[in-house]
Amino acid sequence: AEEQRFKDEL
Amino acid sequence: MNIFRLAGDLAHVFAIIILLLKIWKTRSCAGISGKSQILFALVYLTRYLDLFTTYVSLYNSVMKVLFLASSGATVYLMYVKFRATYDRNHDSFRIEFLLVPCLLLSLLINHEFTVMEVLWTFSIYLESVAILPQLFMVSKTGEAESITSHYLFALGSYRALYLLNWVYRYIVESHYDLIAIFAGIVQTILYCDFFYLYITKVLKGKKLQLPA
């Protein structure tokens, strides 16, 4: 699994 | 998009609408913490800076504008239009004790040391504690109007539903964001005792009375 910032979330 | 995130966003919108209606209909912001509302406005301002630079979807842009506009309107109603009804004495939480640690933590722990990323991280950390002045005010006054408790329930549910959304995205998309998850868990835990009181009291038609 990859750790990342969810850019599509509010 | 998944059902948990959609439900979370709708609970968030519902909370904001409840609050605006309460203030507008009763023409009073008694029992509401203006400091928490200032912190929420700051959360949206620092998180949605990319509103004009990054287009994700119509839904995403509309919701960002809605959150920015509604938080601004709430602060305006509380500190300008209905300022006479603002209970300054009970809204005494020192928000600098929240702002400074969140700022320092966002400089230390972030995904990328850039202005946008640090501000986004600051907004995530700040959002997790932004409700504290409101919960502090309810504990000081010892009670809350039922409309205020519905507002808090919807607001607390939004981030709890986001936790389910992150579990879903971890399972389905095998992606996760530890900063958002950690802050979201803290944020939801802060509501736990309120959730308990809400379910055991308010839903039974009683007033929300905190043990003084």
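Just so it is clear, the structure is predicted and the values come from calculations on it, not from any experiment. Side chains are part of it too, since the values below use all heavy atoms of this structure and drop only hydrogens, waters and symmetry mates.
In this structure, the side chain of A:Gln4 does not engage the main chain of B:His175 through any donor-acceptor pair within 3.5 Å.
If you measure heavy-atom distances from B:Tyr44 to chain A, you find no contacts under 4.5 Å at all.
From A:Phe6, atom CZ reaches atom CD of B:Glu173 across 6.0 Å, with rounding to the nearest 0.5 Å. Distance check, rounded to the nearest 0.5 Å: CZ of A:Arg5 to CD1 of B:Ile179 gives 9.5 Å. A:Lys7 NZ to B:Trp120 CH2: the interatomic distance, rounded to the nearest 0.5 Å, is 8.0 Å. Here the straight-line distance linking atom CG of A:Asp8 with atom OH of B:Tyr59 works out to 10.5 Å at 0.5 Å rounding.
For residues 60-73 of chain B, heavy-atom neighbours of chain A at less than 4.5 Å comprise B:Asn60, B:Met63, B:Lys64, B:Phe67, sorted by residue number.
Around CZ of B:Phe136, the count of heavy atoms belonging to other residues, nucleotides or ligands within 6.0 Å exceeds 12. Other residues, nucleotides and ligands place no more than 12 heavy atoms under 6.0 Å from the CZ atom of B:Phe113. Within 6.0 Å of OH on B:Tyr170 lie no more than 12 heavy atoms contributed by other residues, nucleotides or ligands.
Counting heavy-atom pairs closer than 4.5 Å to chain A, the top-ranked of the candidates B:Thr121, B:Asp50, B:Asp9 is B:Asp9.
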- Task: Please step through side chain to side chain contact (heavy atoms under 4.5 Å, CB included) for the pair A:Glu9 and B:Asn165, ending with a clear verdict.
- Result: CA-CA 10 Å; A:Glu9 293 192 349; B:Asn165 152 62; 2.9 Å; yes
